[in-house]
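Hydrogens, waters and symmetry mates play no part in the numbers below; they use all other heavy atoms, side chains included. Each chain gets a letter, A, B and so on, in the order the sequences are listed, and its residues count up from 1.
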Amino acid sequence: MAKDVLLEELNPQQKEAILYSKGPLLVLAGAGSGKTRVITHKFAYLTKKKKYHPSSIFTVTFTNKAANEMKERIARFVGSDMRQSWIGTFHSQCNKILRREIKALGYKPDFSIYDDDDQCNLIRHILKELKIYEALYKGVASRISILKASLISPEEFLSQGDGFSFDEKLGRVYLKYQDELKRCNALDFDDLIMLTVRLFEENPKLLSKYQEMFPYILVDEFQDTNHAQYRLLQLMARHKNICAVGDDDQSIYKFRGADVSNILNFEKDFPDAMIIKLEQNYRSTQNILDVSGAVIAKNPQRKPKKLWTEKGCGEKVIYCRLNTEEEEARYIARNIKDLYLKGNYEYSHFAILYRINLQARAIEDALREEVIPYHVISGVSFYHRREIKDIISYMKLALNTDDNVSLRRIINSPPRGIGASTLSKIEHEAKKNSVSLFAAIKLMLKSNNITSSIKDKISEFVKIIEKISSTHHKTAADMLKDIVEKTGYIEDIEEERLQNILELVSSAENIPIKDFADRVALVSTTDDEPKKASVSLMTLHSAKGLEFPVVFVTGVEEGILPYFKAIDDASEMQEERRLFYVGMTRAKDILCLTAAKKRRLYSKVQEQEPSRFLQDIPKECCNWIEKVQQKTEVIPEPAKLPPKKRASAYTVGCRVKHPAWGIGVVRDCCEEGSNTKLTVNFPGIGIKRLVAKYANLERI
DNA sequence: CTTCTCTGACTTTTT
DNA sequence: GTCAGAGAAG
């Protein structure tokens, strides 16, 4: 029975990929070729037919979303609970290993995990200390991150340098950074991978233990692995039973260290590797495949693929160039409205993609004008909000008092009168005794050379942290509640921040403390659930892995797509091309490419040339529209609406959802200045007056 | 220590 | 044009 269910409705290549279960296998899975299906079926096949235990298959993905999806789908198949399984992101898998084994590297198992924010804070602190121009921290952070992803240690990096250049300084910062992390008993994201590799390289016994634990390895989105991740896979796959699934054409994270050559060189590293191409596409029409295929075919370094579909030609791909970005946006909005009114599409069927976030603004304006519901999938995650990070920092410090970065963050928030001068005294004391900041504060409390007012303040702080860490909390929620209470954090803060904290607490309900701390660190949880009944706006990067019936790729212009910074670098140009390809292949039925002749970028208006990628598009698959005014004659504004009168996203009678009060009906709506003030009746709660932009409302 | 004002940077961002 | 962050003033 199992075999039938496992293999039915699969094409021959998919079947082959599932059945080939001995030795290394690379599955080149084109966009929309049923990649996830292959992985989940393969997992099921290995456990059902090949008698692998579910927890003996080391399965790695890049996102938590992908991991969860996979767990769910496999659980449905295999019928057993996947919570014990080793299916997860690279980072969470490494975290799991390191929590057990990190003592071998001289860290303590209760290490903190630093996110990008913490990482930047630490780097800035180091730059300040080494008297290097602090504004460089972002560039320094990303260089260090790429070094770690390439498994280059500070010592190695320093030994390559000439002793004078900027890289010399960078090397010193890197060295100090690693040192500080260790003092803090903290790991950044890159450490999770790098240190796992080091752990295995330095401890052959441990390595073989894990090699035996995992006789089979499955890798999703293989094109996105960086060198360190690849090395980890190489180490673990002693039995060479590794199946890597990916698409070199969809590698768009080079700037984060992803290395396409991993996919291009797989055959060299695993000489007897089997390669299977999945070229049947189940998503898009032939026209869309022809257009996107022609564009990607121009990339010199790629594994040739030719996607095909049984779907038929479908609609022609539309290309439309307009005068300005406002016109471009209006064109998109009107097209969406038209298609929606014809009744074949819901608003949730549309996606508008752009290269840079900045482009979203004009589009949002146009959608509001047409009263089209939309949501922007943005990068700012819940856990990155200041109040959330602050509360979490208390938690991290209580769990690991060596965590100096968290301590610096919260020692004066909420304000308790401990300013820069006090902190530098603490830093000094810590350095003198080579102990953590927290330990230094405790030393200072015993000494007599500080004023009693400072003593009171810092002793208060120490008491709070010690009380929190010595209390035995049952769940993470209990601990967070205790933190909020003891620190007085929620006394006079804005309503929105308070709501966020309450949300944080409720999300921690019934979760063990350490699990919660890991989850917060490793799960971005942007919580951008594909909101029902609204158009999705996002960058081309965030669109990867998604699909929509109707897709607009906007700003198809030189300078935007390809982005101007990539223009004089051949490998970055290739990546821009892939980015365009990823965008186009999100579309199922209708693909529309748009461009503007003039665009306001930052403060100046620029003349924009059409993107070079357009030259590669077969014109017979397209509807080519130029709505461009050749002469600069005075154009009678087609829409005579003064911007003030712009229709608000809210109308009397529409339904809204508030994070705390739930669903309500808008009773009144008025524009005051730049604010939209709403009167909303929440059943069971009553009538509330709200300012739309602060109330965190969702239109439903 | 907090608040205001000025400067300058300004892709993308799975963890 | 906008925002965050640094520095100056209160």
Kindly indicate whether the side chain of A/R256 and the base of B/dT15 share any N or O donor-acceptor pair separated by less than 3.5 Å? yes
Across the strands shown, which category fits [X] at heavy-atom distances under 4.0 angstrom: base, sugar-phosphate, nothing?
X      : answer
A/I418 : sugar-phosphate
A/R355 : base
A/D116 : base
A/N412 : sugar-phosphate
A/Y253 : base
A/R361 : sugar-phosphate
A/S542 : sugar-phosphate

Are the charged groups of [X] and [Y] less than 4.0 angstrom apart, N to O?
X      : Y      : value
A/E572 : A/K254 : no
A/R361 : A/E325 : no
A/K597 : A/E327 : no
A/K35  : A/D220 : yes

Gap between atom CD of A/Q119 and atom CG of A/D190 - 0.5 Å precision: 6.5 Å
A/K457 vs A/E575, nearer the 5' end of DNA chain B by closest nucleotide: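 Its nucleotide being nearer the 5' end, the pick is A/K457.
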Both A/L192 and A/Y602 contact DNA chain B. Which one's nearest nucleotide lies toward the 5' end?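 So the residue in question is A/Y602.
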When the distance from [atom1] of [X] to [atom2] of [N] is rounded to whole Å, what number comes out?
X      : N      : atom1 : atom2 : answer
A/I356 : C/dG1  : CD1   : C1'   : 13 Å
A/I567 : B/dT11 : CD1   : P     : 13 Å
A/I193 : B/dT15 : CD1   : C1'   : 8 Å
A/M538 : B/dT14 : CE    : P     : 13 Å
A/D115 : B/dT13 : CG    : P     : 16 Å
A/N226 : B/dT14 : CG    : P     : 15 Å
A/K604 : B/dC10 : NZ    : P     : 14 Å
A/Y114 : B/dT15 : OH    : C1'   : 17 Å

Syn/anti state for B/dT11 [syn: chi within 90° of 0]: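 B/dT11: syn glycosidic orientation.
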How far, in whole Å, is C/dC3 from B/dT14 if one measures between their C1' atoms?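 So the two C1' atoms sit 26 Å from each other.
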Could you measure between the two C1' atoms, the one in B/dT12 and the one in C/dG5, and give it in whole Å?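 Going atom to atom, C1' in each nucleotide, I get 23 Å.
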Identify the stems formed by DNA chain B, where each pair is Watson-Crick or G-U wobble with both distances under 3.5 angstrom and a stem is at least 3 consecutive pairs.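 If one scans DNA chain B for consecutive Watson-Crick or G-U pairs, the stems found are B:1-10 with C:1-10.
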Could you tell me whether the side chain of A/F200 reaches within less than 4.5 Å of the side chain of A/I97, counting heavy atoms only? yes
Audit row: A/Y177, A/V140, side chain to side chain contact (heavy atoms under 4.5 Å, CB included) steps and yes/no: CA-CA 11 Å; A/Y177 173 67; A/V140 171; over 6 Å; no
Less than 5.5 Å between centroids and less than 30° between ring planes, does A/F255 satisfy that with B/dT12? yes
Quick check on B/dT14: is either OP1 or OP2 less than 4.0 Å from any side-chain nitrogen or oxygen of A/T61?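 Result: no.
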Verify the contact: side-chain N or O of A/N64 to OP1 or OP2 of B/dT14, cut-off strictly under 4.0 Å; return yes or no.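 No.
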Do the rings of A/F255 and A/H541 sit parallel, tilted or perpendicular, given the 30° and 60° boundaries? perpendicular
Residue [X], side-chain heavy atoms: nucleotide from [options] that is nearest:
X      : options                : answer
A/Y563 : B/dT15, B/dT11, B/dT13 : B/dT11
A/N357 : B/dT14, B/dT13, B/dT15 : B/dT13
A/H541 : B/dT14, B/dT13, B/dT15 : B/dT13

Just the atom pairs and distances: protein N or O near nucleotides 8-10 of chain C's N or O, under 3.5 Å.
none

Pick one: which of A/R355, A/K298, A/R612 meets salt bridge (Lys or Arg N to Asp or Glu O under 4.0 Å) with A/E576? A/R355
Sequence neighbours left out, what passes side chain to side chain contact (heavy atoms under 4.5 Å, CB included) with A/D115? Give chain and number order.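 Testing A/D115 for side chain to side chain contact (heavy atoms under 4.5 Å, CB included), a comparison that skips the adjacent residues, returns A/D117, A/D118, A/F189, A/H384, A/K389.
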Ring pair (Phe, Tyr, Trp, His ring centres under 6.0 Å) for A/F222 and A/F266? Distances and angles first, verdict last. CA-CA 10 Å; A/F222 185 59; A/F266 188 82; 5.6 Å; yes
